[in-house]
Amino acid sequence: MKTENHTDYRATSNACKLCSPLGASLVFRGIENSVPLLHGSQGCSTYIRRYLISHFNEPVDIASSNFTEETAVFGGGANLKLAMDNIIRQYHPELIGVATTCLSETIGDDVPMILRNYSGENGEDAAPAVVSVSTPSYSGTHMDGFHGAVKATVAAMAQKKGKAGEHINLFPGMLSPADYRHLKEIFEDFGAKIHLLPDYSETLEGGLWSEYQKIPPGGTPVKQITAMGDALATVEMGRILAETESAGKLLEDRFRVPCFRVGIPMGIKETDTFFDAVSTITKRKVPEKYLKERARLIDAYVDGHKYIFEARAVIYGEEDLVVGLASFLSEIGVVPVLCASGGKSGYLNAKLAQVIDDFETKGIQVMDGADFVEIGEAAKKLSPDFFMGNSKGYKTAREMNKPLIRIGFPIHDRMGGGRIVHIGYRGAQQLFDTISNTVIASRQDASPVGYTYM
Ligand code: SF4
């Protein structure tokens with residue numbers, strides 16, 4: 001309501017981002033024998049568990065230091081120490097990853113100091129490794145929490161013990177378990193050992209258990225993280241991440257591990273750059289298997305071009321995913337007329353200009369720090385053929401009666417979110433077929449006569 005004494009303002013409605021400790025929890029869930037612990041109220045961990053469980057369809061334990069009204073006033077140090085005791089007793093973890101929440105950040109709890117006191121009181125040898133990361137959600141997105149947790153883990157644990165080893169550190173960002181499995185396959189085919197962080201390819205998409213596992217099997221072994229200072233090289237994915245003080249940069253500065261920064265390998269151009277980097281590091285040619293996948297993909301591009309050329313897409317999600325997706329869409333002739341993200345790195349426009357051909361002349365609208373009200377208002381003026389992003393955009397796409405192709409995170413209203421392959425020639429092939437068939441189906445459904453043959 002507007003009164004004489006109030007100026008116009010609008011709160012964020014359905015932000016195009018998720019909360020920061022969610023990203024951190026995902027990283028800690030991808031480390032072997034590790035437990036994520038949120039320092040704050042129970043509602044934060046319940047919300048995050050709800051989001052992760054709905055996407056991955058797997059049980060996800062996230063501990064909480066369980067703030068009450070009293071804790072919010074007098075500080076949560078005692079609660080955090082009690083939570084540590086309980087986790088160690090019940091889970092026997094090798095690592096506890098502590099992420100802060102809005103509440104503990106707002107009252108100003110000094111988590112590193114509380115944890116130092118805890119190990120002083122209990123003896124460092126008896127306790128599991130502890131990594132803490134500051135993740136105030138009001139100043140960042142789930143991606144900031146994710147990258148922050150990767151960096152905090154590397155900063156706390158990586159060491160240089162000897163000469164450069166044979167392994168490659170891989171920080172791929174927040175991809176699907178199927179993407180992680182595909183990356184492992186690629187490096188194995190190059191004959192290379194990787195230390196992948198995080199790795200929730202098993203912990204968040206494992207098989208059926210006959211008995212409940214408190215900590216799901218799988219994840220990056222702690223000893224692989226400690227050995228990261230001895231790596232031959234690091235590969236880090238994300239054009240926007242490349243502009244930040246990332247884990248790869250930390251290893252480069254601290255231990256002189258060369259860092260190869262590539263975009264998320266979506267589509268042929270970005271995947272070529274990624275394969276070139278792996279080829280350079282390993283001094284091996286791209287395996288024939290991937291050259292064949294690439295050739296089949298180009299053939300499919302030629303076959304499907306007539307159906308999707310100049311189709312218009314609204315795309316949204318994490319900034320680096322949006323950049324990767326825009327690069328892919330641009331090379332298949334789809335115009336990403338609106339590229340939106342809840343992230344606010346300040347680099348989105350510049351990075352999109354790098355990957356979209358004729359960016360300046362296409363009139364592409366770029367929105368950062370966006371919510372779905374703004375995305376919906378902009379989309380209505382742009383007559384898109386389809387939306388592409390996570391389930392949070394469904395309401396907007398539905399209002400406009402446009403199809404939504406689901407990728408990224410979270411996917412709450414379809415099966416198989418964890419099994420989508422976004423990356424590599426293989427991922428591009430799957431996405432290309434999905435996009436083509438979505439556009440074809442829309443036209444077929446809108447046709448007054450219908451047709452059964454093209
Ligand atoms: S209060 Fe902050 S940390 Fe907790 S769920 Fe909400 S956004 Fe996330």
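Start at 1 and go down the list; that is how both ligands and their atoms are numbered.
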Practice task
Compute the ring centroids of H412 and Y51, then answer whether they are less than 6.0 Å apart.
Solution key: yes
Problem - Protein N, O or S atoms lying under 2.8 Å from atom 2 (Fe) of ligand 1, listed by chain and number - result: C102 SG
Problem - Ionic contact status for E252 with R256, cut-off 4.0 Å - result: no
Counting only pairs under 3.5 Å, give me each side-chain donor-acceptor contact of residues 34-42, with atom names and distances, residues two or more places apart or in other chains.
from	atom 1	to	atom 2	distance (Å)
S34	OG	F28	O	2.8
H39	ND1	S65	OG	2.8
H39	NE2	D109	OD2	2.8

Exercise for the section: Only counting residues at least two apart or in another chain, list the ones meeting ring-ring contact (aromatic ring centres under 6.0 Å, His included) with H182. Expected result: none
Practice task
May I ask you to decide whether R312 forms a salt bridge with D385, counting only side-chain N to carboxylate O separations under 4.0 Å?
Solution key: no
Handout entry: Under-4.0 Å salt bridge between R406 and D413
Key = yes
Exercise for the section: Report, in ascending order of atom number, the atoms of ligand 1 lying under 4.0 Å from any heavy atom of Y47. Expected result: 5 (S)
Problem - atom 6 (Fe) of ligand 1: any protein heavy atom closer than 4.0 Å - result: no
Handout entry: All pairs passing salt bridge (Lys or Arg N to Asp or Glu O under 4.0 Å) where residues 419-432 contributes a residue, at least two apart
Key = E185-R426, E205-R419, E293-R426
